[in-house]
Amino acid sequence: MAFGIDRQTVRQWKRKIDNGDIAFLTHYWIDERFPGCKTVTKVGCRDLDKLAAWGAQYGLKKAWIDIRRDGYSHFDLLGDKEREILQKEGLEEQLIPFT
């Protein structure tokens, strides 16, 4: 279940994806399959090859991309990997509202 974000933030994320950029969206997320995780960061891009290349630098496999018919395909980052990647991307402040 996703919560903690507003429509404007989601629209901005989608706009970046539509422009071919790598886009980050962090929000609260609860899923019993991932105990201890309370956020997820969705990293998306319309260009799947570009997204896969971005992910490969962090050890993410192309097969892990959530392929969406609506064009907003993305990786889901969770837990330590989420924090590690956001820090390396200079985006760790995205986690602050959720701590």
Side-chain angles (χ1 to χ4, degrees):
M1 177 195 319
F3 54 99
I5 53 174
D6 58 37
R7 286 188 176 143
Q8 181 177 343
T9 301
V10 174
R11 281 193 293 262
Q12 289 171 345
W13 180 72
K14 287 180 174 182
R15 193 173 307 116
K16 287 179 182 177
I17 289 173
D18 291 341
N19 289 334
D21 298 329
I22 300 290
F24 297 80
L25 177 70
T26 302
H27 60 80
Y28 280 117
W29 185 68
I30 297 174
D31 188 317
E32 61 190 33
R33 296 174 298 167
F34 303 98
C37 294
K38 65 179 185 176
T39 61
V40 63
T41 297
K42 296 182 177 301
V43 182
C45 185
R46 186 162 295 283
D47 181 337
L48 295 180
D49 291 330
K50 183 176 180 178
L51 183 59
W54 174 89
Q57 70 180 319
Y58 295 111
L60 305 178
K61 297 179 182 181
K62 186 174 185 174
W64 297 345
I65 297 173
D66 180 3
I67 306 293
R68 302 282 305 263
R69 288 185 195 161
D70 64 6
Y72 300 107
S73 300
H74 60 273
F75 283 109
D76 288 318
L77 306 180
L78 301 160
D80 293 338
K81 196 66 159 177
E82 176 185 24
R83 184 170 301 283
E84 171 196 337
I85 291 173
L86 287 176
Q87 286 174 340
K88 288 181 179 178
E89 291 285 331
L91 298 171
E92 61 271 16
E93 76 277 356
Q94 287 198 29
L95 291 173
I96 292 171
F98 307 104
T99 56

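This structure is a prediction, so every number in the text was calculated from the model and none was measured.
Checked by atom type and distance alone, the side chain of S73 pairs as donor or acceptor with a backbone atom of R68 at under 3.5 Å.
Heavy-atom contacts from other residues, nucleotides or ligands closer than 6.0 Å to CG of N19 number more than 12. Atom CZ of R46 is surrounded by more than 12 heavy atoms from other residues, nucleotides or ligands within 6.0 Å.
Using the six-membered ring where Trp is involved, F75 and W54 have ring planes that are tilted, between 30° and 60° apart. Note on ring orientation: taking the six-membered ring where Trp is involved, the planes of W29 and F34 are tilted (angle from 30° to 60°).
For the pair K81 and Y58, the cation does not sit on the ring face, since its NZ or CZ is not both under 6.0 Å from the ring centre and inside 45° of the axis.
The two residues K62 and D49 make their nearest non-hydrogen contact at NZ-OD1, 3.1 Å.
With a 4.5 Å cut-off on side-chain heavy atoms, I30 and Y28 do not count as touching.
With no hydrogens or angles considered, no side-chain donor-acceptor pair links Y72 and D66 at under 3.5 Å. Under 3.5 Å, the side chains of Q94 and T41 contain no donor-acceptor pair of N or O atoms.
Residue W13 is tested with D18, L25, D21 for a side-chain contact (heavy atoms from CB on, under 4.5 Å); the sole match is L25.
Remark: R69 pairs with no residue by the side chain to side chain contact (heavy atoms under 4.5 Å, CB included) rule, at least two apart or across chains.
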